Amino acid sequence: MSETKIMEHGCKYAHASVGKIASFEGKQFMKDAVGLTSCEMSFGTLPTGAAVPFFHSHMADEEVYVILSGEGRFQVDDEVFAIAEGSVVRVSTGCDRNLKCTSAAPMVYICIQAKENSLENCTMTDAVVTERENRL
Ligand code: ZN
């Protein structure tokens, strides 16, 4: 089981790490680790042949699954499709979902959960280019 380490934080940021993705195991939620206020995010892994042990549905939140490694299948209600490293799957509220790893290597994925239809502005409709000394 991997652990989330709090790396550093300030009044405007928090940095946590689950370590190397290639050796990630288990499930780790990030909301409390970094103080998320707009979404929940988790890292998950499935060993070869394994699926999440239950289907579930959300009442208010959509979910986005980002597959970081491995291959498998994703099911939404009764529809099934293939997923692999690089896949991004959005799932609406009010439907059942599950995923299964079918590759020889474990599947590692991120799941982001946020209130459906809550996004009002993003990227350049929300961002402002600012001036700052670059200390990187
Ligand atoms: Zn969920």
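Ligands are counted one by one from 1 in listed order, and the atoms in each one are counted from 1 as well. Computation of the quantities below employed the complete heavy-atom set of this structure, encompassing side-chain atoms and omitting hydrogens, waters and symmetry-equivalent molecules. Not measured: the values here are computed from a predicted model.
The atom of E63 nearest to the Zn ion (ligand 1) is OE2, with the search restricted to N, O or S atoms. The name of the N, O or S atom in H56 nearest to the Zn ion (ligand 1) is NE2.
Salt bridge present: R135 and E133 bring a charged side-chain N and a carboxylate O closer than 4.0 Å.
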Donor-acceptor pairs under 3.5 Å, side chain of residues 17-33 to any protein atom, not counting sequence neighbours: which ones?
| residue | atom | partner | partner atom | Å |
| --- | --- | --- | --- | --- |
| S17 | OG | G19 | N | 3.0 |
| S23 | OG | K20 | O | 3.4 |
| E25 | OE1 | M1 | N | 3.3 |
| K27 | NZ | S42 | OG | 3.1 |
| Q28 | OE1 | T4 | N | 3.2 |
| Q28 | OE1 | T4 | OG1 | 2.6 |
| Q28 | NE2 | S2 | O | 2.9 |

Table please: side-chain donor-acceptor pairs of residues 117-127 below 3.5 Å, with sequence neighbours left out.
| residue | atom | partner | partner atom | Å |
| --- | --- | --- | --- | --- |
| S118 | OG | K115 | O | 2.7 |
| T125 | OG1 | C122 | N | 3.0 |
| T125 | OG1 | C122 | O | 2.7 |

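For a distance bound of 2.8 Å, the N, O or S atoms of C111 include none lying that close to the Zn ion (ligand 1). Look at D61 and the Zn ion (ligand 1): no N/O/S atom of the residue is under 2.8 Å from the metal.
Counting non-hydrogen atoms of neighbouring residues, nucleotides and ligands closer than 6.0 angstrom, the NE2 atom of H9 reaches no more than 12 such neighbours.
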